[in-house]
Asker: 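Quick one: structure below, then a few questions.
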Protein chains: 2
Amino acid sequence: MGGDHGPHVTVPSAVEYLRQDPEADIILVGIPDAIEAELHALKIAPNPRLRLHPASEVVGMDESPALALRNKKDSSMRIAINLVKSGEAQACISAGNTGALLATSRFVLKTIPGIDRPALAVVLPTISGHTYVLDLGANVNCTAEHLLQFGMMGATLVSSVEQKPNPSIGLLNIGEEDIKGNDIVKQAAELFRSSGLNFYGNIEGDDIYRGTTNVVVCDGFVGNVALKTSEGLAQMLASYLREEFKRTPFSKLAGWVALPVINAFKRRVDHRRYNGASLLGLRGIVIKSHGSADSFAFRCAIGRAAGEVRGGMLRHIGEHVEQLRHNIGQNIPNPASAK
Amino acid sequence: MGGDHGPHVTVPSAVEYLRQDPEADIILVGIPDAIEAELHALKIAPNPRLRLHPASEVVGMDESPALALRNKKDSSMRIAINLVKSGEAQACISAGNTGALLATSRFVLKTIPGIDRPALAVVLPTISGHTYVLDLGANVNCTAEHLLQFGMMGATLVSSVEQKPNPSIGLLNIGEEDIKGNDIVKQAAELFRSSGLNFYGNIEGDDIYRGTTNVVVCDGFVGNVALKTSEGLAQMLASYLREEFKRTPFSKLAGWVALPVINAFKRRVDHRRYNGASLLGLRGIVIKSHGSADSFAFRCAIGRAAGEVRGGMLRHIGEHVEQLRHNIGQNIPNPASAK
C-alpha cells in the first residue's frame, strides 16, 4: 500500500516479478478493494502464487513511526511483517514510511542475538561493479561495536547473496592528514583488526564509487548524507548535460546523434537498478523500497529480497555473530550492556 | 613549494595571475634556487610585483603537522604565514600539507576573538549557481556552538566576497522520518534560530547541489565525506561516459560529433574553478589549494584570496562575532569554556 504510488505500482510490479521468477510466490498485503482493482485492471485473479492478504489500515508516509506502531495494529505494513514473523512469508518488501518500517520490524521481529541494532544497507554502483554501504540512516549515534556489527552483517550479505567468500570491509573515514577520524571510528578500526573479518582499513568518500572494498561501513548520519549528496550531484550533472545538449541548434543535432550513447550511459547509471535497502540484523528479511519507485524499481527490490532468502542470509548472520564473539574475545559486543 | 608539483605549478600560476589582476602583488616564499629556476624558465626576473622571499625548509606532504610546526621554523609554509601575521602579506596561499597548514596557521595567527576553531570552507557548484560548504575536515568533533560559528563565518564569507546581503544558511541533517539528526545538530538548530542569522533550517545532502541555501554547515567529518564522495561519483560518471563513447565505431563517431557539447559540459563542471578552500576564523587570510592543482586551478585559489582581502572579510567576521554575541545573549559561545 505504501510509497508515492501505492498498489498502482506494487501490484503490477509483483505480477511482472512472478513472470521472471517462477520459483517465487507473492502475498499482496493491504486494503482488498485497492488491490483487487489493480489486479482486475491487469486481468489477473488472485491465485496460489499471488495471494491477497487483507489489512484494514495503511500507515501514512508522514505518520509518526511511534504512533503507527502503537495504533495501527492492522496496517498492511504490520501484517506483512507479522507474516514474516509467523514464517508464512520469508521476506517483507515495502515502499512505505521508512521510520515506521524500521520501528515496526524491530518491534515485531526483534534483532538477531548478538546484534544490537538493525542497519540499512544499500548497493551502489562503482567504476568496476558495485559495493554495499551501511548504515544509511537507521542509526544516528553508533558505538564502535555497532560499526563492527554493521561490517560483519554487510560482509555476510555480500557473501550470501553473491557467493563471494570473505568480502573486504572498509571503514569510512576522512583523509585530512592532521586528523584521522573521530574516536569511535578509531576504536572501530581496532575492533575490526581483531575480528577475523577481511578488514581493508580506513577508506575515504571517493573509495565508495571507486569500489575499493565490497562493503563500506559508516554511521547512519554520515551514510545518509553521502547517499543524498550523491543523488543531488547526479541530478545536477544530468541537468547540466541536458542543458548543454539543448543550447544551440548544433548541440541539439549532436544530442540526437549521441542519443543511443547517452541512453546506454543512462541505463548504466539507472538508480532504479539499485533500489531496495536491506534492513539487516533482524530475525527476518525486510527490504525498504524507495517511496518513489516505479514498477521496474520495485521489482528490483523484490528480487533483492528473494536473493537474501535464497542465499540463506539470516542463518549466515547468526553463524557469523558466533564467530565474531569467538574472535573478539574480551571485546565481545555484549547485547545487554550495549543496548 | 607545496603540492604535487611545487614551484613548477605555483610560480607560472603566480606570473599568470599578476597579468589578469593588475592591482595584486605576489611574494613567492620558498627555496630560492627552485623558484629562480622556474622564473628563469619563464624569462622573468623578480620585480616589485613578484618578489622572492627565501625559506630554507619545506614541509613534506606526508609530514606530521605537529613535527612540522615544532621543527620547521624556516619552512616556506611557516614563513608565508609569518608574513601574513606581520602584515607584509594580506593572505597566504598554499598547496601543501593540509594538516600542517591548519596547525601552523592556527598557532601563528590565532583565532579571531569569539571564534573557537577555524573551519575549512569550499565553494561547490549547484544547479543554478554555487554554494559554500563548511567545515570540510578541519574539525572532527564539533559542538553546537562551533556549528553556529561556522554558519556565521560562512555567511560572512559570502556577503564579503559576493556582496550578497544576508546569505541563507542550511544545517546539514538527515531525512529519515524516524530520526531528525543527532543531539548536536538539534542543539545547533536551536542556536541558529535565535542567532539573528538568515537560518533556512535543516537541509539534506541533495540540497547541497540543489543550491537550496547559500551556505551549508556541517561538522568536518560529514563535510569531508560528502566532498570526497562527490569527487568519487563525478570520476565514476566521467569514466562511464568515456567508456560509452568508445564502445562501438558508431558511438565513437557520435562522440566526435558531440565533442563540443561534451567539452562545454566539462568546462561547466570543471572542479579546478572551485579550487581553494578558505581557512575561516583566523586573524589572517589563508587559502588551501588542492595538492594536485595545476596552474589554472592554483590561479583560482589566488583569486579567492584576493576576493577575501578586497571584500574585507576579516573585519566583517570580527563585527559579526560581536553581533552574534549580542543576539544569542545567554547562549553566547564563550571561547574560554568552549575551547
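Keep in mind that this is a model prediction, so the values were computed, not measured. Worth knowing before you read on, the calculation uses all heavy atoms, side chains too, and leaves out hydrogens, waters and symmetry mates. Convention: sequence-line order gives letters A, B, ...; per-chain numbering from 1.
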Asker: Measuring from B:Asn139:CG to A:Asn182:CG, what's the distance to the nearest 0.5 Å?
Answerer: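 Interatomic distance, B:Asn139 CG to A:Asn182 CG, rounded to 0.5 Å: 12.5 Å.
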Asker: Just give me the residue among B:Ser64, B:Cys218, B:Ala258, B:Ser128 that pairs up with chain A most often, heavy atom to heavy atom, under 4.5 Å.
Answerer: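 Highest number of pairs under 4.5 Å: B:Ala258.
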Asker: What residue, out of B:Gly205, B:Ala254, B:Gly232, B:Gly223, has the most heavy-atom pairs lying under 4.5 Å from chain A?
Answerer: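 Max contact count across the listed options: B:Gly205.
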Asker: Examine whether an atom of A:Ile127 lies under 4.5 Å from a heavy atom of chain B, and if so say whether it belongs to the side chain, the backbone or both; otherwise answer neither.
Answerer: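 Both backbone and side chain of A:Ile127 come within 4.5 Å of chain B.
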Asker: When rounded to the nearest 0.5 angstrom, what distance separates CD1 in B:Ile208 from OG1 in A:Thr229?
Answerer: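 One gets 4.0 Å once the value is rounded to the nearest 0.5 Å.
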Asker: With chain B, which of A:Ala234, A:Ala226, A:Pro125, A:Gly255 has the greatest number of heavy-atom pairs at distances under 4.5 Å?
Answerer: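 Most heavy-atom pairs under 4.5 Å with chain B: A:Pro125.
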Asker: Search all heavy atoms of B:Leu237 against all heavy atoms of A:Phe265 and return the closest pair with its distance.
Answerer: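 Taking every non-hydrogen atom into account, O-CE1, 3.5 Å.
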Asker: Take atom NE2 of B:His271 as the centre, draw a 6.0 Å sphere, and report whether it contains more than 12 heavy atoms from other residues, nucleotides or ligands.
Answerer: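 Atom NE2 in B:His271 is not crowded, with 12 or fewer foreign heavy atoms closer than 6.0 Å.
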Asker: With a 4.5 Å cut-off on heavy-atom pairs, point out which of A:Ile262, A:Val269, A:Leu241, A:Asp219 contacts chain B the most.
Answerer: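 Ranked by contacts with chain B, first place is A:Leu241.
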Asker: Count the heavy-atom pairs under 4.5 Å between each of A:Leu172, A:Leu124, A:Asn141, A:Leu227 and chain B, then report the option with the highest count.
Answerer: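 Option with the top pair count is A:Leu172.
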Asker: I need the A:Arg268 CZ to B:Tyr240 OH distance, nearest 0.5 Å.
Answerer: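 With rounding to 0.5 Å, CZ (A:Arg268) is 5.0 Å from OH (B:Tyr240).
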Asker: Mind checking whether A:Val225 and B:Val225 have side chains closer than 4.5 Å, heavy atoms only?
Answerer: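 SC-SC contact between A:Val225 and B:Val225 ruled out.
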Asker: Closest approach of A:Ala264 and B:Glu244, non-hydrogen atoms and distance?
Answerer: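 Taking A:Ala264 first and B:Glu244 second, the nearest heavy atoms are CB-OE1, 3.4 Å.
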Asker: What's the spacing between B:Arg210 CZ and A:Glu231 CD if we round to 0.5 Å?
Answerer: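 One gets 8.5 Å once the value is rounded to the nearest 0.5 Å.
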Asker: I need the B:Glu204 CD to A:Asn224 CG distance, nearest 0.5 Å.
Answerer: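 Going from the CD atom of B:Glu204 to the CG atom of A:Asn224 covers 6.5 Å.
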Asker: Considering all heavy atoms of both residues, which atom of B:Phe250 and which atom of A:Val257 are nearest to each other, and what is their separation?
Answerer: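 Shortest heavy-atom contact: CZ-O, 3.3 Å.
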Asker: Is it the side chain or the backbone of B:Ser239 that comes within 4.5 Å of chain A heavy atoms, both, or neither?
Answerer: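 Answer is side chain: those atoms of B:Ser239 sit under 4.5 Å from chain A.
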